[in-house]
Undergrad: 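Please find one structure pasted underneath; my questions will follow.
Just so we're clear, the structure is a prediction, and the values are computed from it rather than from any experiment.
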Amino acid sequence: MSQNKIPFLDLSVTQTEKQSLLEAIERVFDHGIFILGPEHDQFESQVAKYADRKHAICVGSGTDALYLTFKCLGIRAGDEIITTPLSWIASVNSFALLGAEPVFVDIQSDLNISPEHIEAAITSKTKAILAVDYAGLPCEYDKLKEIASKHNLLLIEDGSQAFGANYKGQKVGSFGIASCISLNPMKSLAACGEAGVILTDCDELAEKLVIARYNGMVNKSHCYEAGINGRMDTLQAAILLEKIKSFEHKIAIRRENAEFYNQRLKGLVKTPTCPTYSEHAHFLYLIGHPKRDDLYQFLENAGVEARIRDNILICDQPAYQHANHEGLVLARELVATKLAIPVSEKLTPEQRERICNLIEQFCEAL
């Protein structure tokens, strides 16, 4: 990408960060424990403490985190999971692989699942609610917990996009029977490859997850149930131990960039909302405009890399044509208008000013 272009997300490693990461990798090379080494246990301890959870179970990816969680919670063929149609496909694939069926309900204007639509979707087959903290904003967990408790349902949090955010003073990663977090390079707390973590306060679930992530093996000798190799390697854990040191700082810069956009773009486009009792992590900064596709092309032509994210609802994907498609009014309306613009911690003041000037120029020309 040329120097004048503004990338959506710059994944290159700075010289300062590179040195600390190489030193961390060298330490792993020196001790030679490439799977479940000391850095792995250290990262589990740190991330559990960060999220105010009793247990952290590191796994190979965010998809592993979700799949193993549903598997260890006993989700099986014929079960129904209520969830949002607006997410990355992995959130639904994770339980569909076990034979469970998704039941999609509409979203709110904040793009998260609407608690008001959940109860009407509950049947005798419903076993769980999967809440996805979309774009970096936590769901309405007080309402979700109340519904789950009333109907004896499991509540699982996919906090991959919102790790670093909080809801009423409680951190993302601390909601439900388990929270599943992707740590891939696109995320704010990012490994240099695929990685994930499951956070829980349930001793029994944690024990099952540790066994399930290692092919169902106990003490490396006996297999009591078929499993997968879903472990996080020590190199990624070592990298994440370094990355977590600057994690809060990166989130703070994203919030600063988002607030700048909120002020500059007010009245030009629809800007993200965040209730006063929550803090947004701004994995994405999503603006809304009725001529979204034209705005996307305008920014692209001007050298700004924007992204049209999840514009096909999961229920409209070929793999889920059999699922329910009714009642998703707001999801269909909003997905056609949303555009993600650069908001990462590497965005410069000059770049964000240029982006705002271009959006202003586009809107004034209409």
Undergrad: Would you say the side chains of Asp110 and Gln108 form a donor-acceptor pair under 3.5 Å?
TA: yes
Undergrad: Does Glu116 reach the side chain of Lys143, with side-chain heavy atoms less than 4.5 Å apart?
TA: yes
Undergrad: Check Lys266 with Glu360, please: is the shortest side-chain N to carboxylate O separation under 4.0 Å?
TA: no
Undergrad: Would you indicate whether the side-chain heavy atoms of Pro115 and Ile147 approach each other to under 4.5 Å?
TA: yes
Undergrad: Other hydrophobic cluster members with Ile211, side-chain heavy atoms of Ile/Leu/Val/Met/Phe/Trp/Tyr under 4.5 Å, chained?
TA: Val218, Tyr224
Undergrad: Tell me whether Ile251 is reachable from Ile253 by hopping between hydrophobic residues (I, L, V, M, F, W, Y) whose side-chain heavy atoms are closer than 4.5 Å.
TA: no
Undergrad: Does a sphere of radius 6.0 Å around CG in Asn152 hold more than 12 heavy atoms from other residues, nucleotides or ligands, not counting ones at 6.0 Å or beyond?
TA: no
Undergrad: Under a 4.0 Å N-O cut-off, is there an ion pair linking Arg307 with Glu305?
TA: yes
Undergrad: What are the two closest heavy atoms between Gly173 and Ile181, and how far apart are they?
TA: CA-CD1, 4.4 Å
Undergrad: Looking only at the side chains, is there a donor atom on one of Ser179 and Glu157 sitting less than 3.5 Å from an acceptor on the other?
TA: yes
Undergrad: Please report the interatomic distance CG(Asn311) to NZ(Lys338), rounded to the nearest 0.5 Å.
TA: 14.0 Å
Undergrad: Just wondering, do Ile287 and Ile341 contact through their side chains at under 4.5 Å, heavy atoms?
TA: yes
Undergrad: Flag the pair Glu204 and Lys208 as a salt bridge only when some basic side-chain nitrogen lies within less than 4.0 angstrom of an acidic carboxylate oxygen.
TA: yes
Undergrad: Cut-off 3.5 Å, side chains only: do Asp201 and His55 have a donor facing an acceptor?
TA: no
Undergrad: Does Asn262 offer a backbone N or O that forms a donor-acceptor pair with the side chain of Thr271 under 3.5 Å?
TA: no
Undergrad: Report yes or no: do Asn93 and Tyr320 form a side-chain donor-acceptor pair below 3.5 Å?
TA: yes
Undergrad: Same cluster for Ile156 and Leu68 if Ile/Leu/Val/Met/Phe/Trp/Tyr side chains link at under 4.5 Å?
TA: yes
Undergrad: If we ignore hydrogens and angles and just use 3.5 Å, is the side chain of Asn257 paired with the main-chain N or O of Ser344 as donor and acceptor?
TA: yes
Undergrad: So Asp310 and Ser87, side-chain contact (heavy atoms from CB on, under 4.5 Å) or not? Walk me through it.
TA: CA-CA 7 Å; Asp310 306 317; Ser87 179; over 6 Å; no
Undergrad: Do the rings of Tyr141 and Phe175 sit parallel, tilted or perpendicular, given the 30° and 60° boundaries?
TA: parallel
Undergrad: Grouping I, L, V, M, F, W and Y whenever their side-chain heavy atoms are under 4.5 Å apart, do Leu286 and Phe283 come out in a common cluster?
TA: yes
Undergrad: Answer yes or no: does atom CD of Glu248 have more than 12 heavy-atom neighbours from other residues, nucleotides or ligands under 6.0 Å?
TA: yes
Undergrad: Return yes if some donor-acceptor pair links the side-chain N/O of Ser246 with the main-chain N/O of His249 below 3.5 Å, else return no.
TA: no
Undergrad: Which pair of heavy atoms, one from Ala195 and one from Met232, lies closest together, and at what distance?
TA: CB-CE, 3.8 Å
Undergrad: Give the ring-plane orientation class for His282 versus His280, where under 30° counts as parallel, over 60° as perpendicular and anything between as tilted.
TA: parallel
Undergrad: With no hydrogens and no angle check, is any side-chain donor or acceptor of Lys171 less than 3.5 Å from a backbone partner on Tyr50?
TA: yes
Undergrad: Considering only NZ, NE, NH1 and NH2 on the basic side and carboxylate oxygens on the acidic side, decide whether Glu242 and Lys18 come within less than 4.0 Å.
TA: no
Undergrad: With a 4.5 Å limit on heavy-atom distance, are the side chains of Ile25 and Ile239 in contact?
TA: yes
Undergrad: Count the heavy atoms belonging to other residues, nucleotides or ligands that lie under 6.0 Å from NZ of Lys250, then report whether that count exceeds 12.
TA: yes
Undergrad: Checking Val13 against Glu17 for the side-chain contact (heavy atoms from CB on, under 4.5 Å) test, could you report, in this order, the C-alpha distance in whole Å, the side-chain angles of both residues, the deciding distance, and whether it holds?
TA: CA-CA 6 Å; Val13 179; Glu17 192 177 33; 3.7 Å; yes
Undergrad: Quick one: closest heavy-atom pair of Phe8 and Leu284, and the distance?
TA: CZ-CD2, 3.8 Å
Undergrad: Can you find a heavy atom in the side chain of Phe362 that is under 4.5 Å from one in the side chain of Asp294?
TA: yes
Undergrad: Start with the C-alpha distance between Asn301 and Gln297, add both sets of side-chain angles, then the distance that settles side-chain hydrogen bond (donor to acceptor under 3.5 Å, both in side chains), and finish with yes or no.
TA: CA-CA 6 Å; Asn301 293 341; Gln297 196 58 58; 3.0 Å; yes
Undergrad: Is the number of heavy atoms from other residues, nucleotides or ligands within 6.0 Å of CD (Gln321) greater than 12?
TA: yes
Undergrad: Go through the side-chain N and O atoms of Glu279 and Asn166 and say whether any donor and acceptor fall under 3.5 Å apart.
TA: yes
Undergrad: Over all heavy atoms of both residues, which pair between Phe163 and Val47 is shortest? Give the atoms and the distance, please.
TA: CZ-CG2, 3.8 Å
Undergrad: We want to know whether Asn357 and Gln361 form a side-chain donor-acceptor pair, criterion being a heavy-atom distance below 3.5 angstrom.
TA: no
Undergrad: Is there a salt bridge (Lys or Arg N to Asp or Glu O under 4.0 Å) between Glu44 and Arg213 once you walk through the steps?
TA: CA-CA 14 Å; Glu44 284 188 333; Arg213 74 177 175 188; 2.9 Å; yes
Undergrad: Indicate yes or no: does Asp79 engage Lys125 in a salt bridge with an N to O separation below 4.0 Å.
TA: no
Undergrad: For Ala190, does its backbone N or O pair with a side-chain atom of Lys243 as donor and acceptor, under 3.5 Å?
TA: yes
Undergrad: Any idea which heavy atoms bring Pro185 and Leu11 closest together, and the distance?
TA: O-CD2, 3.2 Å
Undergrad: Determine whether the side chains of Gln19 and Glu23 contain a donor N or O and an acceptor N or O closer than 3.5 Å.
TA: yes
Undergrad: Group every Ile, Leu, Val, Met, Phe, Trp and Tyr by side-chain heavy-atom contacts under 4.5 Å, then state whether Leu155 and Leu98 land in the same group.
TA: no
Undergrad: Quick one: do Glu39 and Arg27 make a salt bridge, cutoff under 4.0 Å?
TA: no
Undergrad: Got a sec: does the CD of Glu207 have more than 12 other heavy atoms crowding it under 6.0 Å?
TA: no
Undergrad: Among Val132, Thr69, Asp133, which one satisfies side chain to side chain contact (heavy atoms under 4.5 Å, CB included) with Asp158?
TA: Val132
Undergrad: Tell me if a side-chain donor or acceptor on Asp316 pairs with a main-chain N or O of Ile312 at a distance below 3.5 Å.
TA: no
Undergrad: Please answer whether the main-chain N or O of Ile33 pairs with a side-chain N or O of Thr234 as donor and acceptor at a distance below 3.5 Å.
TA: yes
Undergrad: Flag the pair Ile6 / Pro342 as yes when at least one side-chain heavy-atom distance between them is below 4.5 Å, and no otherwise.
TA: yes
Undergrad: Tell me if the aromatic rings of His325 and Phe104 count as close, with their centers under 6.0 Å from one another.
TA: no
Undergrad: Would you kindly confirm whether Leu347 and Tyr285 end up in one hydrophobic cluster when ILVMFWY residues are joined by side chain heavy atoms under 4.5 Å apart?
TA: yes
Undergrad: Hey, is the main chain of Asp10 close enough, under 3.5 Å, to the side chain of Lys346 for a donor-acceptor pair?
TA: yes
Undergrad: Assess the residue pair His322 and Glu101 against the criterion (side-chain hydrogen bond (donor to acceptor under 3.5 Å, both in side chains)); give the C-alpha distance rounded to whole Å, side-chain angles, the decisive distance to 0.1 Å, and a yes or no.
TA: CA-CA 9 Å; His322 63 283; Glu101 293 291 335; 3.0 Å; yes
Undergrad: Quick check for you: to the nearest 0.5 Å, what is the distance between Cys180 atom SG and Leu199 atom CG?
TA: 8.5 Å
Undergrad: Sub-3.5 Å donor-acceptor pair from the side chain of His151 to the main-chain atoms of Ile122, do we have one?
TA: no
Undergrad: Please report the interatomic distance CG(Leu241) to CD(Gln46), rounded to the nearest 0.5 Å.
TA: 5.0 Å
Undergrad: Check whether any side-chain N or O of Ser45 sits under 3.5 Å from a backbone N or O of Gln42 as a donor-acceptor pair, and report yes or no.
TA: no
Undergrad: Answer whether the closest heavy-atom distance between the side chains of Cys363 and Val269 falls below 4.5 Å.
TA: yes
Undergrad: Which pair of non-hydrogen atoms, one from Tyr167 and one from Ser278, has the smallest distance, and what is that distance?
TA: CD1-OG, 3.4 Å
